[in-house]
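Structure, as structure tokens:
Everything numeric here is computed off the predicted structure, so don't read it as measured data. Keep in mind that the numbers below use all heavy atoms, side chains included, and drop hydrogens, waters and symmetry copies.
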Amino acid sequence: MGDTRYINLNNAGPSSGVAVCDDCVRVFFEIKRDHKWQYVIYKITDDLKSIVVEERGGKHKTYQDFVNKLKEAEKKGQCRYGLFDVKFSCNDIHSEKLAFFLWSPDTATTRQKMVYSTSVKALKQRFNGLHIFIQCNDETDLALSHVFDKCSAKYV
């Protein structure tokens with residue numbers, strides 16, 4: 001009888017090899033629990049080794065500010081991850097959802113798209129309690145009406 005060892009594949013790192021920095025998780029809880037930020041944007045470092053916080057948008061910032069920051073990355077042929085604290089009403093019910101975005105514009109480089117899509121699982125695993133995932137590839141996907149539809153789907 002040999003020594004049997006088990007490997008927990010659920011905790012295995014992402015296939016892209018990109019690590020999630022602890023600061024990403026800390027800032028996630030600042031927006032989720034404390035509502036300290038309106039949005040947070042994350043990026044993969046230029047050396048493709050880690051996911052880091054790129055920007056925190058204060059409570060005075062708007063959804064359009066968030067979209068503008070994502071579009072700045074698009075101009076460089078890059079992708080981004082983001083969180084936005086969405087407040088909405090549906091059928092007289094006021095609610096708030098934290099939406100997670102994968103911004104992978106059609107104009108991003110193939111390498112960017114591949115690295116971001118293979119690394120998203122690691123980030124989502126570290127962000128416990130996400131309910132809304134929105135993959136955006138163009139202006140239509142970023143439209144606020146589309147975000148509201150995703151957030152309010154269970155109320156209609």
Side-chain angles (χ1 to χ4, degrees), residues 12-88 90 95-156:
S15 59
S16 68
V18 176
V20 178
C21 290
D22 290 339
D23 190 44
C24 292
V25 179
R26 184 182 58 75
V27 173
F28 166 73
F29 283 110
E30 287 178 356
I31 191 172
K32 181 179 171 39
R33 272 194 319 239
D34 306 332
H35 303 280
K36 187 173 181 179
W37 311 108
Q38 186 61 50
Y39 67 81
V40 180
I41 296 178
Y42 300 91
K43 73 175 214 165
I44 295 177
T45 55
D46 292 339
D47 63 6
L48 305 177
K49 292 186 178 181
S50 9
I51 300 170
V52 297
V53 175
E54 181 178 47
E55 179 170 324
R56 299 164 182 91
K59 295 304 286 182
H60 64 284
K61 296 288 188 170
T62 66
Y63 183 73
Q64 191 57 52
D65 295 326
F66 175 71
V67 168
N68 290 343
K69 288 296 179 182
L70 294 176
K71 287 182 178 180
E72 284 179 21
E74 179 182 19
K75 291 175 189 171
K76 300 181 229 175
Q78 298 178 345
C79 302
R80 289 295 185 269
Y81 303 116
L83 292 168
F84 193 86
D85 196 2
V86 182
K87 295 166 188 67
F88 63 97
C90 187
S95 192
E96 196 168 331
K97 296 279 184 184
L98 188 57
F100 178 82
F101 291 77
L102 167 54
W103 172 235
S104 183
D106 295 330
T107 56
T109 66
T110 302
R111 184 175 186 156
Q112 279 278 310
K113 290 178 188 179
M114 287 176 44
V115 172
Y116 273 78
S117 66
T118 57
S119 302
V120 72
K121 183 177 179 182
L123 194 57
K124 285 178 13 180
Q125 284 177 336
R126 299 283 307 270
F127 292 173
N128 294 328
L130 281 177
H131 300 282
I132 308 297
F133 175 74
I134 304 172
Q135 180 167 340
C136 300
N137 304 98
D138 59 28
E139 294 271 341
T140 306
D141 297 333
L142 280 174
L144 190 55
S145 60
H146 178 71
V147 174
F148 284 149
D149 288 346
K150 288 276 198 176
C151 291
S152 63
K154 80 173 201 175
Y155 298 106
V156 288

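- At distances below 3.5 Å, not a single donor-acceptor pair connects side-chain atoms of S104 with backbone N or O atoms of K113.
- Among residues two or more places apart in sequence or in another chain, the ring-ring contact (aromatic ring centres under 6.0 Å, His included) test is passed with F133 by F100.
- Annotation for F127 and L83: closest pair CE1-CD1, 4.2 Å, computed over non-hydrogen atoms.
- L142 and V147 get closest at one heavy-atom pair: O-CG2, 4.4 Å.
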- Derivation of the side chain to side chain donor-acceptor pair (under 3.5 Å) call for Q64 and N68: CA-CA 6 Å; Q64 191 57 52; N68 290 343; 2.9 Å; yes

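- The nearest pair of heavy atoms linking I134 to A99 is CD1-CB, 4.2 Å.
- To the nearest 0.5 Å, atoms CD1 (I41) and CD (E54) are separated by 6.0 Å.
- To the nearest 0.5 Å, atoms SG (C136) and CG (L102) are separated by 8.0 Å.
- Residue K75 qualifies as open at atom NZ: its count of foreign heavy atoms under 6.0 Å is 12 or below.
- Separation of atoms CD (Q78) and CH2 (W103) is listed at 13.0 Å; rounding is to 0.5 Å.
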- Query: Does the side chain to side chain contact (heavy atoms under 4.5 Å, CB included) test come out yes or no for Y42 and V20, once each step is laid out?
  - Reply: CA-CA 10 Å; Y42 300 91; V20 178; over 6 Å; no

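- Atom CG of N128 sits about 7.0 Å away from atom CZ of F28, to the nearest 0.5 Å.
- The CD atom of Q135 sits 9.0 Å away from atom SG of C79, with the distance rounded to the nearest 0.5 Å.
- Every residue meeting the salt bridge (Lys or Arg N to Asp or Glu O under 4.0 Å) condition with R126, not counting sequence neighbours, appears here in chain and number order: D22.
- Under the side chain to side chain donor-acceptor pair (under 3.5 Å) criterion, the residue pairs touching residues 32-41 are E30-W37, H35-D85, H35-E96, Y39-E55, with sequence neighbours excluded.
- Taking each heavy atom of V52 and C21 in turn, the nearest pair found is CG1-SG, 3.6 Å.
- Not a single donor-acceptor pair under 3.5 Å links the side chain of S119 to the backbone N or O of Y116.
- Atom CZ of F101 sits about 7.5 Å away from atom CG of L70, to the nearest 0.5 Å.
- Taking the six-membered ring wherever Trp is involved, the centroid distance between the rings of F84 and Y63 falls below 6.0 Å.
- Look at D23 and R56 and you find a salt bridge, because one of the NZ, NE, NH1 or NH2 atoms lies within 4.0 Å of a carboxylate O, short of that distance.
- Annotation for V18 and L48: closest pair CG2-O, 3.2 Å, computed over non-hydrogen atoms.
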- Query: Does the pair K71 and E74 meet the rule for a salt bridge (Lys or Arg N to Asp or Glu O under 4.0 Å), with working shown?
  - Reply: CA-CA 5 Å; K71 287 182 178 180; E74 179 182 19; over 6 Å; no

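- For the residue pair V115 and T118, the shortest heavy atom distance occurs at O-OG1, 3.2 Å.
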